[in-house]
Engineer: 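Just dropping this structure here.
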2 protein chains.
Amino acid sequence: MTKVLIVDDEDTTRNTISWYLKKEGFQVFTSPSGEDALLMETSIQPDLIVLDIIMPGMSGLEVARNIPRQVPIIFLTALGQETDKLTGFNLGAEDYVTKPFSPRELVARIKVVLRRYGKSPMEDHISCPPFEINIKARKIKVAQTEPYLTAKEFDLLLFLIRNSNTIFSREALITNVWGYEYDGDARVVDTTIKRLRHKLGAQHRDCLKTIRSSGYMLEVITNE
Amino acid sequence: MTKVLIVDDEDTTRNTISWYLKKEGFQVFTSPSGEDALLMETSIQPDLIVLDIIMPGMSGLEVARNIPRQVPIIFLTALGQETDKLTGFNLGAEDYVTKPFSPRELVARIKVVLRRYGKSPMEDHISCPPFEINIKARKIKVAQTEPYLTAKEFDLLLFLIRNSNTIFSREALITNVWGYEYDGDARVVDTTIKRLRHKLGAQHRDCLKTIRSSGYMLEVITNE
DNA sequence: TTTCTGTGTCACAAAAGTGTCAAACAAGAA
DNA sequence: TTCTTGTTTGACACTTTTGTGACACAGAAA
């Protein structure tokens, strides 16, 4: 699974790119600030970073300077900031995209850079009986049925499937599925789990285990 | 099991951080004062310390200065104490978090620092015949069976397995399993042991030895 | 605009876990 | 044996945690 981290202070930009990349089967992480991005970088270890240069607080260039690891970066920049371009390439930038840009173009460039780095193409299908997930289409098949899941439901289930047979506290699920900055009641998880169980039907609702006073877990049969 | 020591004079701060960390599977110790913290540090040998700078009595910086061992420290500081920041980094601070802070952010930073130090939050499997413990799923296998254990039962058994063939007094078990702050009858241990024995069944209930007027011990065969 | 869908919050009911207690019981000392 | 001390156990009350339906609200769609 190829991980891409998007750093930009504008919500719309983040969301747009994120949406297009998810559709292509990437695992997407976003951060609205350079400071947070640095933290996330270490823990996520993304395969590529899309980095806005102009941000309040720490600039994209500073972020790039402070990343210890060698990771390809694509900078987003306003029209005609030629000096930045030079600095950026010195910092190991792989590419530049000038705002405003077409998301499709950005996705294409991301793919090019990843290919250059020998990253395997993104996964687009996961099989984890009884689940079959088509990531690009964001569709899930359980045994014969193909229940309709909303965005959050899908994300949560996908995360649990990727990490099956592991307990996650509500907090952990919040940070992994709802995201870093989400601040709200952790019991949304309960509600979403409930909705998922309902949609999975009597047959498979039991895959979603409650581990009392610890959290939730997706249990699937492992044939060791 | 990764140990984190939290030092802060405010009860709420201590408790909040503690709660979030425990949810993530860390073993948490807390201290309301710098003096105590120093004592605890030597006996506990935590993997990371979260240290408030401003405290009555000994300040966080002094504490840091007096810790002989090399251990990563994350300082908590009030907004804009820039001078402190410098001093702290000289004392080997790994990170700074400015109060007020989001607990989720702090947890994320703690994980980053621990990763940098090559510590992961949890091991995931223990084998100690006839016991097999899957920590990620909080499941325990005894010979063929897989008895359902409640949270406390699991914690107690896990502790005893980790420290098998060692006698613990009820008080010791209370502080290690129930936690420092627990104040209640130490005889809960008796009840929990009883419930465990019941669930282990006739085959293995004898692993849980009673050492009259000393405490309890888990006895397993060691083949040296 | 109005309508519809997805998402989060809340309050309450139901379920499950935990601690306390007292009586019955065992071990060891005198 | 008998006494004393410490342990086992079941019952019960109480607390915590979870499930669920109803509702509010925002943003997309019509």
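Note on naming: letters A, B, ... go to the chains in the order of the sequence lines (proteins, then strands), and numbering restarts at 1 for each one.
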Engineer: A/Ala151 side chain: which of C/dT7, C/dT18, C/dG19 is closest?
Structural biologist: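 Out of C/dT7, C/dT18, C/dG19, the nucleotide with an atom closest to A/Ala151's side chain is C/dT7.
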
Engineer: Within the pair A/Tyr182 and C/dT7, is there a side-chain N or O less than 4.0 Å away from OP1 or OP2?
Structural biologist: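 For C/dT7, neither OP1 nor OP2 has a side-chain N or O of A/Tyr182 closer than 4.0 Å.
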
Engineer: Compare side-chain N and O positions of A/Tyr148 against OP1 and OP2 of C/dG6 and report whether any pair is under 4.0 Å apart.
Structural biologist: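 True: A/Tyr148 side-chain N/O within range (under 4.0 Å) of C/dG6 OP1/OP2.
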
Engineer: State the NZ-CZ distance between B/Lys141 and B/Phe131, to the nearest 0.5 angstrom.
Structural biologist: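 So the NZ of B/Lys141 and the CZ of B/Phe131 are separated by 14.0 Å.
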
Engineer: When you check the phosphate oxygens OP1 and OP2 of D/dG6, does a side-chain N or O of B/Tyr216 lie under 4.0 Å from one of them?
Structural biologist: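 Checking B/Tyr216 against D/dG6: no side-chain N or O falls below 4.0 Å of OP1 or OP2.
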
Engineer: Give me the atom names and distance for the closest heavy-atom approach of B/Asp8 to B/Glu10.
Structural biologist: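 Closest heavy-atom pair between B/Asp8 and B/Glu10: OD1-N, 2.8 Å.
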
Engineer: Only one of A/Thr191, A/Asp185, A/Asp190 passes side chain to side chain donor-acceptor pair (under 3.5 Å) with A/Arg187; say which it is.
Structural biologist: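 Of the listed residues A/Thr191, A/Asp185, A/Asp190, the side chain to side chain donor-acceptor pair (under 3.5 Å) partner of A/Arg187 is A/Asp190.
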
Engineer: To the nearest Å, how far apart are B/Asp183 CG and D/dT15 C1'?
Structural biologist: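 Those two atoms, CG and C1', are 15 Å apart.
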
Engineer: Whole-Å distance between C/dT7 C1' and A/Asp155 CG?
Structural biologist: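 Taking CG of A/Asp155 and C1' of C/dT7, I get 13 Å after rounding.
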
Engineer: Roughly how far, to the nearest 0.5 Å, is CD1 of A/Ile74 from CD1 of A/Ile49?
Structural biologist: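 Going from the CD1 atom of A/Ile49 to the CD1 atom of A/Ile74 covers 10.5 Å.
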
Engineer: May I have the distance from B/Glu153 (atom CD) to C/dG19 (atom C1'), rounded to whole angstrom?
Structural biologist: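 B/Glu153 atom CD is separated from C/dG19 atom C1' by 13 Å.
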
Engineer: Between D/dT20 atom C1' and A/Arg205 atom CZ, what is the distance in whole Å?
Structural biologist: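 Atom CZ in A/Arg205 sits about 11 Å away from atom C1' in D/dT20.
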
Engineer: Taking any heavy-atom pair under 4.0 Å as a contact, classify A/Arg197: base, sugar-phosphate, or nothing.
Structural biologist: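 Sugar-phosphate contact only.
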
Engineer: In whole angstrom, what separates A/Arg212's CZ from C/dA15's P?
Structural biologist: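 So the CZ-P distance, A/Arg212 to C/dA15, works out to 11 Å.
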
Engineer: For a quick check of understanding: with a heavy-atom distance under 4.0 Å over all strands, which category does A/Lys194 fall into, base, sugar-phosphate or nothing?
Structural biologist: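 The residue A/Lys194 makes base contact.
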
Engineer: Any base atoms under 4.0 Å from B/Thr191, or only sugar-phosphate, or nothing? Heavy atoms, all strands.
Structural biologist: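 If one applies the 4.0 Å heavy-atom cut-off, B/Thr191 turns out to touch a base.
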
Engineer: What integer distance in Å separates B/Leu157:CG from C/dT18:P?
Structural biologist: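 Nearest whole value for this atom pair: 14 Å.
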
Engineer: So which atom in A/Gly60 and which in A/Phe75 form the shortest heavy-atom distance, rounded to 0.1 Å?
Structural biologist: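 Looking at all heavy atoms of both residues, the closest pair is O-CE2, 3.9 Å.
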
Engineer: To the nearest Å, how far apart are A/Arg187 CZ and D/dC23 P?
Structural biologist: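 Rounding to the nearest Å, CZ of A/Arg187 and P of D/dC23 are 19 Å apart.
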
Engineer: For D/dT7, take OP1 and OP2 only and decide whether either is under 4.0 Å from a side-chain N or O of B/Arg170.
Structural biologist: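 B/Arg170 to D/dT7 OP1/OP2: side-chain N or O found under 4.0 Å.
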
Engineer: Does a nitrogen or oxygen in the side chain of A/Ser213 sit under 4.0 Å from OP1 or OP2 of D/dT16?
Structural biologist: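 No, outside the criterion.
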
Engineer: Contact class for B/Asp190 vs. all strands (heavy atom < 4.0 Å): base, sugar-phosphate, or nothing?
Structural biologist: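 The residue B/Asp190 makes base contact.
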
Engineer: Return the value, rounded to whole Å, for the distance between atom NZ of B/Lys152 and atom P of C/dA16.
Structural biologist: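 Rounded to the whole Å, the gap is 18 Å.
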
Engineer: Check the phosphate of C/dG19 against B/Trp178, side-chain N and O only, distance under 4.0 Å to OP1 or OP2. Yes or no?
Structural biologist: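 Yes, such a contact exists.
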
Engineer: Has the side chain of A/Arg195 got a donor or acceptor atom sitting under 3.5 Å from an opposite partner on the base of C/dG6?
Structural biologist: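 Between C/dG6 and A/Arg195, which were checked side chain against base, a qualifying N/O pair under 3.5 Å is absent.
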
